[in-house]
Amino acid sequence: MLTVVLAPFVSALVAPWLVRRLGRWASYSLALVPGAIFVWAVLRLDSFAAGASQVIPWVPGLDVALAFRLDGLSGLFVLLISGIGTLVVLYAGGYLAGHAMLGRFFVFLMLFMGAMLGLVLADDVIALFVFWELTSLASYLLVGFQSEKPEARRAALQALLITGTGGLALLAGLILAALAGGSWRLSDLIVAGEAIRGHGLYLPAMVLIMLGSFTKSAQWPFHSWLPGAMQAPTPVSAYLHSATMVKAGVYLLARLDPAFGGTAAWTTTLLVIGGITMLAGLMLALLETDLKLILAWTTVSALGALVFLIGPATEEGARAAVAFLLTHALYKGALFMAAGNVDHEAGTRDLRNLSGLIRAMPITFAATAVSSASMAGIPLSLGWVSKAITKAAAIEAGGFLPLSVITFATLLLVAIAGMVAIEPFLGQKSEAAHEAHEAPPSMLTGPVALASLSLLFGLFPDLVSDAVLAPAASAVAGSPLAVEAKVIKPFDWTLGLTFVAFAAGAALYVLWQRRAERWRDRLDPVLSRGPDAGYDRALAGLARLASWQTRLWQPGLLHRYTAATFSVIVLVTAAALFRGDLRLAFPVDRVRLIEVVVLALTGAAAIVAALATTRLLAVTALGMVGIGVALIFMLFGAPDLAITQFMVETLVVVLLALVLVRLPGFRLSAAADRPRALHAAIAGATGLLVIVLLLGVLAEPFDPRLSEWFARASVPEAFGHNIVNVILVDFRAIDTLGEIIVVFAAALAGLAAIAARAARKDAR
Amino acid sequence: MTELLVDLLLIVLILAGAGFALVAAIGIWRLPDSLMRMHASSKAGTLGGSLLLLAVAIWVGELDVVARALAGVGFLLFTTPIASHLIARATYLLGVPRWEGQVRDDLEGRYDLSARVCRAPARTVESATPSPAKAD
Amino acid sequence: MSSLILRAGTRLLAPMMLLFSVFLLWRGHNLPGGGFIGGLVATSAIALQGIAFGPASMRRTLVFAPATIAGAGVLIATFAALPAALAGLPFFTGLWLKLDLGDGAVLPLSTPLLFDIGVYFTVIGGVCALIAALEEEPALEDQDMGG
Amino acid sequence: MNRTVGLFAINLLLMLAWCAAFGSFSLWAMGTGFVAGFGALWLTRTLWVGGEPAYFRKTVRFLAFTLFYAKALLQSSIQIARQVLSPRLLAHPGVIAVPLAAERDVEIAALANLITLTPGTLALDVSEDRSTLYVHAMFLDDPEAALADIKGNFEARLLGFLR
Amino acid sequence: MIGGWLAAFVLIAPMVSAGATTLAHATPRLQARLSLVGAFVLLAVSVALLVVVLRDGMVVLQSGNWAAPFGITFAVDNLGAVMTVIAAITGAACLTFGLGETGEAERRAWFHPLSHVLLVGVCGAFLTGDLFNLYVWFEVMLIASFGLMTVGGTKAQIDGAVKYVALNLVATLIFLLAIALIYGLTGTLNFADIARSVPAVSNVGLLTAAATLLMAAFGMKAAVFPLFFWLPAAYHTPLVSVSAVFAGLLTKVGVYALIRAFTLLFTHDPEWTHTLLLWVAGLTMVTGVLGAAAQSEMRRILSWHIISQIGYMVMGLALATPLGLIGSVFYLVHHIIVKANLFLIAGVAARLTGSMELKRIGGLYRSAPWLGVLFFIPAFSLAGFPPLSGFWAKLVLVRAALEIGSWWIAAAALVTGLLTIYSMTKIWAEAFWKPHPAGEAAARPLAEAPAAMLAPIAALAAGTVVIGLFAQPFYVVAEGAAQQLLDPASYIAAVLGGAR
Amino acid sequence: MSGVVTFTIWIAWVMISAAFAIGLARLVKGPHLPDRIVALDMLALTCIAAACLMVLSSGVAAYLDFALVMALVSFLSTVAFARYVEWVALRRARQAKPPPLEQADD
Amino acid sequence: MELPLVLLIGLLTAVATWLMLSRNLIRLLLGFAVLGNAVNLSIFVAGRLTRDAPPLVPLDAETIAGAFANPLPQALVLTAIVIGFGLLAFALVLAWVAYERLGTVRTDEMRVAEPPEEKT
Ligand code: NA
Ligand code: NA
């Protein structure tokens with residue numbers, strides 16, 4: 001399975017090279033990869049029910065492995081991903097023939113395919129997440145493929161941010177789930193459902209995982225990115241938005257259903273969100289005129305339906321979910337590709353400009369018609385079969401409300417099917433239709449193949465029900481299930497309801513033809529305040545918050561920075577003092593006159609330096625402080641220090657005299673140093689804190705081990721009588737080494753600064 | 001006896017040294033202009049420091065200490081006048097006003113700032129008539 | 001500064017200070033002094049010369065570029081830490097060579113002393129580099145006032 | 001001058017020999033050694049080719065000069081002290097220009113230093129052509145007398161010792 | 001013995017390079033060669049040291065043969081050795097880049113010696129086992145960074161340097177004051193000895209205050225909330241190779257010091273210190289990433305992200321669990337490589353398009369696609385995208401937080417990750433996707449950037465991918481480091497074992 | 001050392017202390033740059049005296065080294081200040097309308 | 001005897017902080033110098049004070065008899081003084097360069113790196 005997952009990645013790496021070498025044949029060679037995977041999966045259909053796994057250690061320290069598991073659910077997805085993937089690669093070869101960035105396109109597409117395969121096959125929580133994020137990344141690049149268009153860039157970012165948000169929630173949710181379930185293997189978690197549902201982390205984990213799934217699967221209110229993602233080239237839409245990426249969320253919910261499902265929280269949330277999404281998607285689809293957008297909204301709706309079906313965690317629900325999954329993938333893939341053909345050949349996707357294409361594009365029309373029928377659930381299509389299972393599920397889930405939701409959805413779908421299949425193709429030839437031709441074979445293979453499958457499976461559901469749907473449903477339900485898919489069912493009242501819905505849908509389509517425009521105008525102000533606008537507002541709000549807080553922290557004024565720094569440090573340190581009983585010492589015994597004088601003098605000089613309004617006074621006062629400190633060192637037995645201090649003080653004066661003369665005076669600015677009171681308070685507090693800290697230190701006994709040892713060892717072991725010097729050049733010579741490097745580097749740094757003065761080039 | 005003499009000498013040196021240091025301080029406080037203050041600082045200050053250095057030399061009496069103390073005196077005698085000269089020069093360059101009791105100033109106006117030099121007087125002092133005393 | 005008195009005084013004081021700085025360096029291991037203090041005093045001497053005679057004279061005295069001297073000082077100090085390797089001792093272990101000059105006089109040569117010499121040169125080179133550079137760079141409005 | 005230095009070196013050598021002989025390098029030993037060496041050299045002064053060396057004269061003048069100098073410094077400090085401590089200002093300060101006989105830098109600087117440390121006077125600056133030393137005097141009751149004092153007392157003595 | 005000398009040579013190598021490049025200042029080619037050779041020698045030596053540490057355990061060097069705590073001890077554990085290697089990698093990469101970026105003016109402004117001095121300081125800080133010695137290396141690092149900050153000499157640089165210098169001067173003195181207090185309380189400076197003495201100090205509040213002061217000092221260096229002001233003010237101004245070293249290394253030295261201090265020295269009052277750290281971590285992450293969101297210039301965005309990611313590193317430390325520390329260590333390693341690289345890439349992007357300002361550039365997606373690849377890797381690694389290096393770091397930290405129920409910090413970490421994506425995609429969309437506002441020709445092809453600038457970028461990106469795909473060995477090293485950090489007793493025994 | 005000497009030293013301390021205080025006062029009062037420089041110069045001399053007194057009162061000869069270094073080096077700051085003043089003066093001189101003297105050191 | 005010194009340290013710290021909060025770069029740097037002195041004294045006092053007994057072993061002895069000043073803080077402070085000097089020296093040069101390039105020593109007028117009207 002690792003090979004299966006890696007193959008698309010590897011082909012992604014060589015794709016640009018292939019495109020350069022093989023030109024239009026590149027798509028055929030690339031299509032071999034998903035094709036082979038499809039064959040591989042078909043050959044393993046038998047093992048779907050039993051499940052097969054492979055574990056390759058990745059980061060054992062974190063218990064993360066490339067664990068893969070092929071069972072019914074993942075098998076179904078692998079089939080869809082690789083099967084539709086093959087068609088899409090071929091389709092893209094035609095659609096983007098001659099495009100300058102075709103190589104790059106295939107890189108992203110294959111990357112996406114690999115990620116998606118990895119996602120559905122992963123049996124490791126973290127591996128799943130890795131692939132999950134990779135799908136977001138690949139879709140970001142694909143949606144933004146036409147990067148010169150601002151809308152494409154916006155859509156790509158929106159998709160990434162929304163799914164990214166969900167992804168982060170998902171990560172947390174998955175970790176919590178793993179912690180609750182005690183394992184990092186999905187297969188273990190599924191078995192440990194009871195433990196998880198009883199765990200304190202269940203609810204947060206569930207909410208977070210749902211958040212991830214909902215964003216990825218474009219559930220209300222996170223759906224807005226999906227229509228936007230129509231900025232992507234059509235093959236991408238076909239691929240991402242039919243078969244795969246958007247279904248990742250559904251996949252995850254289905255996958256975790258055995259572990260998380262069955263609780264009221266789970267069921268209610270999924271039913272509500274799924275239901276809203278389903279209906280809202282359909283109604284919004286009605287309001288669109290862009291073929292791709294209509295399809296996108298129906299995708300949103302379908303995803304809602306899937307979530308809706310998974311919600312109840314019943315056996316029928318599982319059956320219905322997988323059946324609808326397959327159905328939707330087939331018809332939606334075909335419809336997107338067909339819409340792409342229309343766009344490609346007629347030059348527009350706007351329904352208002354499209355009409356009468358049937359002559360020019362008969363094959364495309366046929367594929368569209370069949371797929372639309374499947375979408376609407378018309379008998380003899382796969383949609384009809386799955387609709388039946390769905391209704392059963394709805395009834396099982398609790399009767400009236402779910403059933404009426406489903407029925408209403410059917411009604412709307414019929415109307416939409418009409419818009420998609422009838423409007424562009426039938427009627428009078430529009431201007432665009434005159435120019436149109438049928439698409440090349442590479443672009444017809446996909447829609448035709450998928451439409452044929454919709455038809456084929458609609459007629460012979462047994463082809464898939466046992467081999468594919470049953471194992472998948474079992475995986476979703478967590479227990480072995482059979483799927484009974486019948487084309488002809490005994491007539492009962494639900495069937496009647498369906499036909500009523502069909503009729504109402506047809507009526508709606510006819511009525512809507514005339515009224516749609518007015519409704520669009522009327523609803524526009526309402527819709528413009530929907531989640532899409534919410535996304536914009538959120539981003540704008542983020543920008544405002546960001547720039548507000550940045551101006552707050554980073555006003556560009558050094559004195560604010562220093563004030564904040566001192567305040568914070570003083571406050572936090574002072575607070576820390578209260579972590580224990582503070583004892584202070586006040587050692588004042590036997591003070592000598594000269595000590596008092598020197599201390600007083602130094603303090604006075606310091607105050608003078610602070611209050612000085614002319615800089616020479618400040619500097620001379622500072623010099624006095626330095627001399628005072630030198631005297632203090634001398635008074636307490638530190639001649640080396642005193643000399644050093646004095647020498648340094650002298651050289652500082654030399655430097656100051658050299659520098660100050662080139663600078664403007666104090667007087668201009670001294671008065672402007674407000675806020676004085678605040679600054680004085682900060683300064684006073686800092687001084688006080690230092691006093692308290694030092695008096696506290698002095699209250700503690702001092703451990704003289706080191707100095708005693710230095711005194712003992714200095715002469716016999718280091719051959720020096722000046723202990724300070726011995727420490728400097730021997731005991732702690734490394735300090736001194738660092739120190740001279742400071743002096744050395746200070747010189748170089750100063751020279752660098754002086755060179756900067758000479759530079760005078762103002763690039764920025 | 002020697003000890004007493006040494007002590008006596010020490011006492012004199014210390015008191016005189018510290019005394020002159022104090023005089024220097026009072027001098028720079030009391031005297032009315034910069035140049036006059038410099039008299040106090042350079043003469044009394046130097047003497048004060050030197051006397052105390054001598055006191056140290058005598059009191060310790062070891063060769064290296066005496067040598068260093070005498071070197072210190074030498075350094076002081078050598079450096080202080082240079083410092084005074086430079087301050088005086090600064091006073092003139094800046095044009096700091098002198099005490100009104102000043103009786104004569106041959107240097108006034110002799111600094112040529114643009115050429116950064118101090119010119120000799122136009123006439124030699126011998127032939128000059130002293131300017132009339134302004135004070136007294 | 002073009003003061004005759006300062007220049008004459010500097011002629012005598014600068015060498016005196018340099019000599020004194022070597023004295024401080026040498027005896028630092030046993031009495032107040034050492035590489036830093038010695039280096040700082042030597043720097044003062046050269047700075048004095050720089051003020052009295054201008055930076056060019058300062059550079060002539062130093063012979064090498066000040067930054068080079070500082071760099072060499074760092075290298076000397078670093079290399080003082082290395083001979084220990086030859087003796088199979090850890091980094092920075094002091095090695096002592098007490099040359100007997102006869103008559104009880106001993107000339108103690110050691111890696112700590114070498115290290116202190118490195119310190120001495122680094123201080124001189126580093127500080128003088130800055131002072132010389134500042135002396136040489138006149139302020140904008142004083143282009144003709146340097147030196 | 002060279003001979004002076006040479007003789008001084010010999011004197012130092014004699015001093016060291018003296019110390020070695022006594023096995024002591026104490027201050028007393030060195031002081032007595034120097035004096036003894038000086039005496040020995042003086043006794044043998046006639047042995048030097050080219051006349052009696054200036055060393056002895058200069059040494060004596062130097063000693064005399066040092067004493068004079070110390071006395072002057074003391075005097076000047078006392079004078080300052082009197083001025084400073086007296087309730088009333090007695091000073092008649094002023095600046096006079098002193099024409100210089102000294103020519104070399106060292107001579108001029110030494111003279112300036114001397115003047116600064118001696119009573120009532122303070123060397124301010126030397127004119128660029130080295131012809132004039134400006135001196136600040138604290139008690140300039142009689143400028144000519146002050147001038148004469150500087151020229152006669154200090155410059156002459158100093159040059160006598162230096163030249 | 002060999003380990004000890006290796007540790008010494010980690011210090012000696014850049015020192016000699018600094019000295020030698022100074023002496024060779026008059027001969028440009030020789031200087032550049034010496035500089036480069038020096039950087040790679042340092043790399044070799046530090047790798048050797050890491051190998052020895054991983055093989056034989058902690059390397060303890062009692063310098064001058066004076067037993068701890070009397071001399072200065074270099075104590076190199078996994079963390080120290082790894083950090084040294086990373087520092088050497090960054091140094092080599094940025095110096096190589098510098099060869100392409102700098103001209104004669106920069107070279108004359110002592111770019112090479114100062115860079116090596118910076119490495120001396122950084123390596124010294126990672127190796128030393130002595131508090132005051134750490135201060136010294138901090139200063140070495142600081143003064144070199146002051147100089148490097150001004151190399152190039154634009155007005156913005158000078159302005160940035162003023163703020164950078166002023167605030168770092170404050171940090172320096174705060175650090176020194178903390179040392180004074182700690183020395184006064186424990187009577188010693190050796191890390192191990194302090195750790196041993198801390199329990200004996202009876203005045204807990206004072207000890208905690210000293211520890212807090214130390215935290216503030218290191219926090220300033222690390223640019224944590226609310227002490228980070230200097231970083232956004234300055235980091236976008238210097239040469240690209242300089243800002244890349246700064247971005248990669250300097251703040252991380254602060255983080256390293258925080259880790260050292262609050263695993264080894266001060267674990268006496270975690271209720272205060274580590275809670276404080278946790279709050280600091282969260283606020284740092286969020287304010288940093290919001291700051292980035294407000295910027296529109298590449299290096300400013302990246303600079304604010306430094307802050308935000310410092311929050312992650314501190315977070316792991318604050319959690320104080322094995323997993324948390326593993327996360328911190330992993331994050332440190334990953335971030336240095338990634339962030340340095342992003343600065344370098346920004347430099348190349350600016351060279352190709354003419355500006356760092358996103359509004360004024362674009363078109364790189366078409367003109368320099370490989371730069372896009374090179375940008376994507378570190379950018380999305382920074383955002384914690386799998387399977388790049390940053391993902392593992394983030395995963396470990398989030399997991400560590402969730403394991404002990406620190407919900408809000410986990411949430412902060414995740415939200416920060418999201419906003420990081422926002423910023424990275426902003427750069428991507430504006431610089432790469434968007435057409436250049438001055439027309440297509442305004443974005444130059446990648447071939448116009450010197451190879452010396454591209455090679456380090458590619459190498460660092462490769463490193464990012466390797467860490468991401470083959471995380472296990474790196475995890476093991478981080479795990480070893482965390483184990484050592486959580487076992488101060490072993491550290492103490494290793495350092496003081498032979499005390500006289 | 002006899003008690004009288006000790007007492008003398010104490011007296012000397014008092015005098016030196018007074019000298020310090022007065023020197024600082026002049027430093028603050030100025031009013032012109034040269035006055036401040038004179039004051040600083042005087043304070044340095046007083047420090048030398050204090051160092052000598054330290055030797056006398058403590059018996060530690062090492063303090064003499066401090067006095068020695070100061071005696072040799074302290075005039076350097078005066079030199080530097082004087083040069084600073086020279087620069088200020090030159091700049092004032094070349095201004096068409098020199099600012100009042102009080103602002104020369106501003 | 002430590003108390004007065006500690007009080008002085010507190011005063012110096014307060015003065016230094018006051019100066020460092022100034023908008024004038026020169027004052028800020030003077031503040032740094034003063035704070036450096038205060039911190040150095042803190043290290044010194046933290047090692048406890050001993051009067052008149054420098055840590056010099058008599059030339060004829062192996063070790064010091066009786067009390068002696070703690071040599072370690074002295075070595076540390078010496079190092080700190082020199083480092084502080086290096087930093088200050090650089091900072092002064094920088095202040096000058098900043099004035100020449102930016103035309104001011106007022107930090108609130110230095111708005112090149114972080115211009116005032118900074119909005120996205
Ligand atoms: Na830093
Ligand atoms: Na950084």
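What you are looking at is a predicted structure, and each value in this text was computed from that prediction instead of being measured.
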Examine whether an atom of A:Leu545 lies under 4.5 Å from a heavy atom of chain E, and if so say whether it belongs to the side chain, the backbone or both; otherwise answer neither.
side chain
For A:Leu208, which atoms come within 4.5 Å of any heavy atom of chain E: side chain, backbone, both, or neither?
neither
E:Lys163 side chain to E:Phe229 backbone, donor-acceptor under 3.5 Å
no
Non-hydrogen atoms of chain A under 4.5 Å away: do they reach the side chain of E:Met15, the backbone, both or neither?
side chain
In terms of heavy-atom pairs under 4.5 Å, which option from A:Asp703, A:Ile734, A:Thr565 contacts chain E the most?
A:Ile734
Taking E:Ala144, E:Ala109, E:Pro386, E:Ala166 one by one, which has the highest count of heavy-atom pairs under 4.5 Å against chain A?
E:Pro386
Donor-acceptor pair, distance only, cut-off 3.5 Å: does the side chain of E:Lys394 make one with the backbone of E:Ala413?
no
Option that, when pairs with chain E are counted at under 4.5 Å, heavy atom only, ranks first among A:Phe566, A:Phe710, A:Phe131, A:Trp553:
A:Trp553
Less than 4.5 Å apart, any side-chain heavy atom of A:Leu62 and any of E:Arg399?
yes
Name the member of A:Gln549, A:Arg153, A:Glu739, A:Arg579 that forms the most heavy-atom pairs with chain E at distances under 4.5 Å.
A:Arg579
Identify every side-chain donor-acceptor pair in residues 135-143 of chain E under 3.5 Å, counting partners at least two apart or on other chains, and give the distances.
residue: E:Trp137; atom: NE1; partner: E:Asn133; partner atom: OD1; Å: 2.8
residue: E:Glu139; atom: OE1; partner: E:Thr172; partner atom: OG1; Å: 3.1
residue: E:Glu139; atom: OE2; partner: E:Thr172; partner atom: OG1; Å: 3.2

What part of A:Asp730 lies closer than 4.5 angstrom to a heavy atom of chain E: side chain, backbone, both or neither?
both
Does any non-hydrogen side-chain atom of E:Trp304 lie less than 4.5 Å from one of E:Val289?
no
For A:Leu179, is it the side chain, the backbone, both, or neither that has a heavy atom closer than 4.5 Å to a heavy atom of chain E?
side chain
Which portion of A:Glu148 sits near chain E, non-hydrogen atoms under 4.5 angstrom
both
When A:Phe702, A:Trp58, A:Phe578 are compared by non-hydrogen pairs under 4.5 Å with chain E, the top option
A:Trp58
Can you sort out the partners of E:Arg108 under salt bridge (Lys or Arg N to Asp or Glu O under 4.0 Å), two or more places apart, ordered by chain and number?
E:Glu104
Of the listed E:Phe146, E:Trp428, E:Phe111, the one with the largest count of heavy-atom pairs under 4.5 Å with chain A is E:Trp428
Under 4.5 Å from any heavy atom of chain A, what part of E:Glu403 do you find: side chain, backbone, both or neither?
both
Check whether E:Ile72 gets within reach of chain A through its side chain, its backbone, both or neither, counting any heavy atom under 4.5 Å.
both
Taking side chain as everything from C-beta outward and backbone as N, CA, C, O, which of these in E:Ala18 sits under 4.5 Å from a heavy atom of chain A? Side chain, backbone, both or neither.
both
Which atoms of A:Leu693 approach chain E - backbone, side chain, both or neither, heavy atom under 4.5 Å:
both
I'd like to verify something: which residue of E:Leu148, E:Thr186, E:Leu395 has the highest number of heavy-atom pairs under 4.5 Å with chain A?
E:Leu395
Please classify the contact between E:Thr22 and chain A as side chain, backbone, both or neither, with a heavy-atom cut-off of under 4.5 Å.
side chain
Can you find a heavy atom in the side chain of E:Pro387 that is under 4.5 Å from one in the side chain of A:Leu134?
yes
Quick one: what part of A:Phe129 sits under 4.5 Å from any heavy atom of chain E, side chain, backbone, both or neither?
both
Heavy-atom pair count under 4.5 Å with chain E, highest-scoring of A:Leu176, A:Leu137, A:Asp581, A:Leu161
A:Leu137
Region of A:Val130 in contact with chain E, defined by heavy-atom distances below 4.5 Å
both
Ring centres under 6.0 angstrom apart (E:Phe391, A:Trp132)
no
Side chains of E:Leu181 and E:Leu206 in contact at under 4.5 Å (non-hydrogen atoms)
no
Heavy atoms only: give me the nearest E:Gly288-E:Ile307 pair and the separation to one decimal.
CA-CG2, 3.9 Å
Heavy-atom side-chain proximity of A:Phe108 to A:Phe145 below 4.5 angstrom
yes
Proximal component of E:Phe432, with respect to chain A [non-hydrogen, under 4.5 Å]
neither
If the threshold is 4.0 Å, N to carboxylate O, is there a salt bridge linking A:Glu708 and A:Arg712?
no
Which portion of E:Trp433 sits near chain A, non-hydrogen atoms under 4.5 angstrom
both
When only pairs under 4.5 Å are counted, which of A:Arg705, A:Glu133, A:Arg544, A:Arg732 shares the most heavy-atom pairs with chain E?
A:Arg732
State, with a plain yes or no, whether a side-chain heavy atom of E:Phe225 is found less than 4.5 Å away from one of E:Val286.
no
Measuring only between side-chain heavy atoms, which start at C-beta, is E:Ile182 closer than 4.5 Å to E:Leu213?
no
Under 4.5 Å from any heavy atom of chain E - which part of A:Val570
neither
Please report the closest heavy-atom contact between A:Thr550 and E:Leu290, naming both atoms and the distance.
OG1-O, 3.9 Å
Determine yes or no for a side-chain-to-main-chain donor-acceptor pair under 3.5 angstrom, with A:Ser714 supplying the side chain and A:Ala711 the backbone.
no
Contacting moiety of E:Leu227, where chain A heavy atoms sit under 4.5 Å:
side chain
So which residue, E:Leu118, E:Asp193, E:Asn190, ends up with the most heavy-atom pairs under 4.5 Å with chain A?
E:Asp193
Looking only at heavy atoms and a cut-off of under 4.5 Å, which of E:Phe380, E:Phe132, E:Tyr365 has the most pairs with chain A?
E:Tyr365
Is it the side chain or the backbone of E:Ile326 that comes within 4.5 Å of chain A heavy atoms, both, or neither?
neither
What part of A:Phe744 is in contact with chain E, defined as an atom under 4.5 angstrom from a non-hydrogen atom: side chain, backbone, both or neither?
side chain
Is the shortest side-chain heavy-atom distance between A:Leu558 and E:Leu167 below 4.5 Å?
yes
Residue part contacting chain E, namely of A:Leu160, when any heavy atom lies under 4.5 Å:
side chain
Below 4.5 Å from any heavy atom of chain E, which atoms of A:Val743 appear? Answer side chain, backbone, both or neither.
neither
Between A:Ala574 and chain E, which part of the residue has a heavy atom less than 4.5 Å away: side chain, backbone, both or neither?
neither
Tell me, out of E:Asp159, E:Leu185, E:Thr287, E:Ile174, who's got the most heavy-atom pairs with chain A below 4.5 Å.
E:Thr287
Spatial distance of atom CZ (E:Phe376) from atom CZ (E:Phe385) [nearest 0.5 Å]
8.0 Å
Between E:Ser202 and A:Arg583, is any side-chain donor less than 3.5 angstrom from a side-chain acceptor?
yes
Looking at A:Ala127 and A:Leu66, what are the two nearest heavy atoms and their distance?
CB-CD2, 4.5 Å
Answer with side chain, backbone, both or neither: which region of A:Leu201 has an atom nearer than 4.5 Å to a non-hydrogen atom of chain E?
side chain
